[in-house]
Asks: 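Here it is, the structure in full.
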Amino acid sequence: MSLAAQPILPSLRCERPQDADAVERLVLRAFGPGRFARAAERLREGRAPLLDLSIAAWDGRELVGSVRQWAVKVGATPAIFLGPIAVEAAYRSHGLGAALIEQACAAASGAGHAAIVLVGDMPFFGPLGFDPAPGVIMPGPVDQTRVLARALTPGADAVLKGPVVAT
């Protein structure tokens, strides 16, 4: 048992329309301009995130973390596409990313969505309830081992088969 003080997480709340510029700046700092070349970006281009499912982390007046979610279909099945998730460097490795993901998943579940898909790393997302999704086909070149899903209702991940398209 560690006696070190655990960091206090910033406050988490749903993203608001006026947060958009701050979120974009944070994501640009986290991923750089190369993010626009990523296949996952094709699902986000020209669209607005679902603000009631997207979560922003604020430390006072500073945005220090964000995760966005988008409506998609996997084949004929409605789903949520999660990403990007971005956390300021000084706030990483303290549980903020996991807290953002958990709150985003809870928001999607509470809104009645059955499953979430993303492109990410199993060592981070696996402990958060995500599993490989071999039947989910992302647009563009993607390392298929990084395509993951989390069922929000029992068995929802079993029907996730086919290409992911924006809705």
Side-chain angles (χ1 to χ4, degrees), residues 1-72 79-110 113 116-133 136 138-150 152 164 166:
M1 181 171 136
S2 171
L3 296 178
Q6 294 299 313
I8 297 172
L9 289 177
S11 65
L12 305 180
R13 62 166 171 72
C14 289
E15 184 178 332
R16 302 171 302 174
Q18 59 266 38
D19 299 338
D21 289 342
V23 170
E24 285 301 318
R25 288 190 302 273
L26 173 63
V27 171
L28 188 59
R29 284 191 302 278
F31 292 99
R35 85 165 226 225
F36 296 106
R38 295 177 187 234
E41 193 65 26
R42 304 294 74 83
L43 295 171
R44 298 187 283 259
E45 286 178 324
R47 302 177 57 222
L50 300 170
L51 296 181
D52 57 330
L53 306 184
S54 299
I55 308 299
W58 292 89
D59 189 353
R61 302 181 122 218
E62 180 186 7
L63 178 73
V64 297
S66 170
V67 62
R68 285 180 155 176
Q69 300 198 84
W70 314 78
V72 296
I80 295 297
F81 179 65
L82 186 148
I85 177 171
V87 175
E88 287 287 5
Y91 290 81
R92 293 180 190 154
S93 300
H94 298 292
L96 179 55
L100 284 162
I101 296 299
E102 288 295 351
Q103 187 153 333
C105 290
S109 178
H113 296 282
I116 296 174
V117 297
L118 59 81
V119 178
D121 298 321
M122 266 304 284
F124 179 77
F125 289 101
L128 298 172
F130 288 85
D131 294 303
V136 176
M138 292 292 295
V142 172
D143 177 353
Q144 188 61 41
T145 64
R146 298 186 72 234
V147 178
L148 309 174
R150 177 173 165 173
L152 301 175
V164 180

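These numbers come from the heavy atoms of this one structure, side chains and all, not from hydrogens, waters or symmetry mates.
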Asks: Please find the pair of heavy atoms, one from Pro139 and one from Arg42, that lie closest to each other, and give the distance.
Replies: CG-CB, 4.3 Å
Asks: Over all heavy atoms of both residues, which pair between Ala86 and Phe31 is shortest? Give the atoms and the distance, please.
Replies: CB-CE1, 4.3 Å
Asks: State whether the side chain of Asp121 and the backbone N or O of Pro123 hold a donor-acceptor pair below 3.5 Å, judged by distance alone.
Replies: no
Asks: Decide yes or no for Met122 and Thr145: does some side-chain heavy atom of the first lie under 4.5 Å from some side-chain heavy atom of the second?
Replies: no
Asks: Starting at OG of Ser54, measure out to CD1 of Ile85 and round the result to the nearest 0.5 Å.
Replies: 11.5 Å
Asks: Backbone N or O of Ala104 within a donor-acceptor pair of the Gln69 side chain at under 3.5 Å?
Replies: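 Yes, because the side chain of Gln69 sits within donor-acceptor range (under 3.5 Å) of the backbone of Ala104.
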Asks: If I take atom CG from residue Leu82 and atom CG from residue Leu148, how far apart are they, to the nearest 0.5 angstrom?
Replies: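 Reported value, rounded in 0.5 Å steps: 10.5 Å.
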Asks: What's the shortest heavy-atom distance between Ala133 and Gln144, and which atoms?
Replies: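 So the minimum-distance heavy-atom pair works out to O-NE2, 3.1 Å.
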Asks: Looking at Ala71, is its backbone amide N or carbonyl O close enough to the side chain of Arg47 to form a donor-acceptor pair, meaning the two atoms are under 3.5 Å apart?
Replies: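 Judged by distance alone, yes, a pair lies under 3.5 Å.
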Asks: CD/Gln103 to SG/Cys14 distance, rounded to the nearest 0.5 angstrom?
Replies: 7.0 Å
Asks: Here's a test for you: under salt bridge (Lys or Arg N to Asp or Glu O under 4.0 Å), which of Arg68, Arg25, Arg13 qualifies with Asp19?
Replies: Arg13
Asks: How far apart are the closest heavy atoms of Pro10 and Leu96, and which atoms are they?
Replies: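 Taking every non-hydrogen atom into account, CD-CD1, 4.0 Å.
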Asks: Search all heavy atoms of Leu26 against all heavy atoms of Val64 and return the closest pair with its distance.
Replies: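 Shortest heavy-atom separation between Leu26 and Val64 comes out as CD2-C, 4.1 Å.
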Asks: Should Leu9 and Tyr91 be marked as a side-chain contact (heavy atoms from CB on, under 4.5 Å) after you check the CA-CA gap, both sets of side-chain angles, and the distance that decides it?
Replies: CA-CA 9 Å; Leu9 289 177; Tyr91 290 81; over 6 Å; no
Asks: Val67 pairs by side chain to side chain contact (heavy atoms under 4.5 Å, CB included) with which of Val23, Leu12, Ile55, Leu53?
Replies: Ile55
Asks: Say whether, by atom type as modelled, one donor and one acceptor occur between the side chain of Ser109 and the main chain of Cys105 under 3.5 angstrom.
Replies: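 Side chain of Ser109 to backbone of Cys105: no pair is present.
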Asks: Distance check, rounded to the nearest 0.5 Å: Asp143 atom CG versus Met138 atom CE?
Replies: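 So the CG of Asp143 and the CE of Met138 are separated by 12.0 Å.
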Asks: Which heavy atom in Ile116 sits nearest to a heavy atom in Ala108, and how many Å separate them?
Replies: CD1-CB, 4.0 Å
Asks: Side chains of Pro84 and Arg44, heavy atoms from C-beta outward: is any pair under 4.5 Å?
Replies: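 Heavy-atom side-chain distance check passes, below 4.5 Å.
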Asks: Would you confirm whether Arg146, through its side chain, and Val142, through its main-chain N or O, come within 3.5 Å as a donor-acceptor pair?
Replies: no
Asks: Any side-chain to backbone donor/acceptor pair from Arg29 onto Glu88? Under 3.5 Å, distance only.
Replies: no
Asks: To the nearest 0.5 Å, tell me how far Leu118 CG sits from Ile80 CD1.
Replies: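 Going from the CG atom of Leu118 to the CD1 atom of Ile80 covers 12.0 Å.
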